[in-house]
Number of protein chains: 2
Amino acid sequence: MAFTIGELGKATGTKVETIRYYERIGLLAKPERTSGNYRSYGKAELGRLSFIRRARDLGFPLGQVQALLSLSDDRTRDCATVDALARDHLAEVERKIVDLTALRSELSALLDSCEGGTVGDCRIIEALAPPATSGETQ
Amino acid sequence: MAFTIGELGKATGTKVETIRYYERIGLLAKPERTSGNYRSYGKAELGRLSFIRRARDLGFPLGQVQALLSLSDDRTRDCATVDALARDHLAEVERKIVDLTALRSELSALLDSCEGGTVGDCRIIEALAPPATSGETQ
DNA sequence: CTTGACCCTGTAGTTGCTACAGGGTGCATA
DNA sequence: TATGCACCCTGTAGCAACTACAGGGTCAAG
């Protein structure tokens, strides 16, 4: 019924330092302490930390996790805000995918152009180097 | 022929603080100074900073940029190392794309399941919350 | 009664910048 | 000449989201 921080960490796949970090930034409340000053957690904290971890796994930044947590605390509230948060986050993820996909094309084009040889002839270095203003081989 | 740090920044799309930061971490050499202790750059530095910026735009982390720079300094060296760096980076980018694509599916599935109503019925919150061990509405 | 696994606090490091604070320089204008 | 303004200088602290110590204390087992 009561867990140490290490048990809580194991149960949620979270490092002990991370749990203490979440406490420090106010994402987790300060837990009770044992006589030996060890943190002591119950089922509620386990639930809360699991929630946090799932949201983080889905890529929600801590600020949004915080928001989701307080939204989930008031079960009578309209779910539209939650929806909007998730939608924003999805848009962000999609933006990143687009960026990375463009990057991938550039990188593989670069790699395709490489035909071995020395750095002097390397297309990759060439592509990175600034546009030659005149004839310069330095 | 000689630029101030601001001009160099404008020419390469780099903030002044970032240039000083690159100098601090040794990515750019300490430049000459004017009588008034202003940094003074020439064409070589402009080229080097452009290189850095392009590599950064392609998502290379600074450590790899450093490596690419020293590789590009020796034009007689075999280009295979450059190739390997780029290939590693491409692999990394592809890994991220895969991760984000999985994330996108999860998020849009979550969003599709939301039918409005209150937070109490919200599928998104429900998906984040830990698996109900027994009957608990708290 | 000692070993070892765990826990505690506090601080500093990571990556790649960005943003001050508190001052100096250099040029144009009143 | 003064004074204003844009720019430069150094040094430090902040962002996200942890991670990794150092230097201790606690607790159960053997």
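Here is the naming used below: chain letters follow the sequence lines, and residue numbers restart at 1 for every chain.
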Notebook entry, point to check: Would you say B:E7 has more than 12 foreign heavy atoms packed within less than 6.0 Å of its CD?
Noted result: yes

Requested in this report: Using only side-chain N and O atoms of A:R39, determine if any of them is under 4.0 Å from OP1 or OP2 of C:dC6.
Outcome: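 For C:dC6, OP1/OP2 do not have a side-chain N/O of A:R39 under 4.0 Å.
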
side-chain contact (heavy atoms from CB on, under 4.5 Å) filter on B:E45, not counting sequence neighbours, yields B:P31, B:Y41

task = Go through the structure and list residues passing side-chain contact (heavy atoms from CB on, under 4.5 Å) with A:K10, not counting sequence neighbours.
result =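 side-chain contact (heavy atoms from CB on, under 4.5 Å) check on A:K10 returns nothing, list empty.
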
Hits for salt bridge (Lys or Arg N to Asp or Glu O under 4.0 Å) against B:E23, two or more places apart or cross-chain, chain-then-number order -> B:R39

Treating B:R123 as the side-chain partner and B:D112 as the backbone partner, does any N or O pair qualify as donor plus acceptor under 3.5 Å? no

Partners meeting side chain to side chain donor-acceptor pair (under 3.5 Å) with [X] (sequence neighbours left out):
X     : result
B:S35 : none
B:Y22 : B:R53
B:T34 : none

Measure the distance from [atom1] on [X] to [atom2] on [N] and round it to the nearest whole Å.
X     : N      : atom1 : atom2 : answer
A:K30 : C:dC7  : NZ    : C1'   : 17 Å
B:E32 : D:dC9  : CD    : P     : 14 Å
B:Y41 : D:dC7  : OH    : P     : 16 Å
A:I19 : C:dT9  : CD1   : C1'   : 16 Å
A:R20 : C:dT11 : CZ    : P     : 15 Å
A:E23 : D:dA17 : CD    : C1'   : 16 Å
A:F3  : C:dC6  : CZ    : P     : 17 Å

Categorize B:I25 for me: base, sugar-phosphate, or nothing, with a 4.0 angstrom heavy-atom threshold over every strand shown. nothing

So the side chain to side chain donor-acceptor pair (under 3.5 Å) pairs with at least one residue in residues 80-91 of chain B (sequence neighbours excluded) are B:D83-B:R87

Side chain to side chain donor-acceptor pair (under 3.5 Å) pairs touching residues 90-103 of chain B, sequence neighbours excluded, are B:E92-B:R95, B:R95-B:D99

### Between the first and last five pairs of the helix from C:dC1-D:dG30 to C:dA30-D:dT1, the angle of the axes, rounded to 10 degrees
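The value is 30°.
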
Scoring nucleotides 23-30 of chain D by protein non-hydrogen atoms under 4.0 Å (B base, S sugar-phosphate only, - none) yields --BBS---

Its contact letters, B for base, S for sugar-phosphate only and - for none at protein heavy atoms under 4.0 Å, make nucleotides 13-19 of chain C read ---BBBB

Distance-only donor-acceptor hits, side chain of residues 62-73 of chain A, under 3.5 Å, sequence neighbours excluded:
| residue | atom | partner | partner atom | Å |
| --- | --- | --- | --- | --- |
| A:S70 | OG | A:Q66 | O | 3.1 |
| A:S70 | OG | A:A67 | O | 3.2 |
| A:S72 | OG | A:L69 | O | 2.9 |

Discussion item. Counting only side-chain heavy atoms from C-beta out, which of D:dC8, C:dC7, D:dC7 sits nearest to B:K10?
Written reply: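 So the side chain of B:K10 is nearest to D:dC7.
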
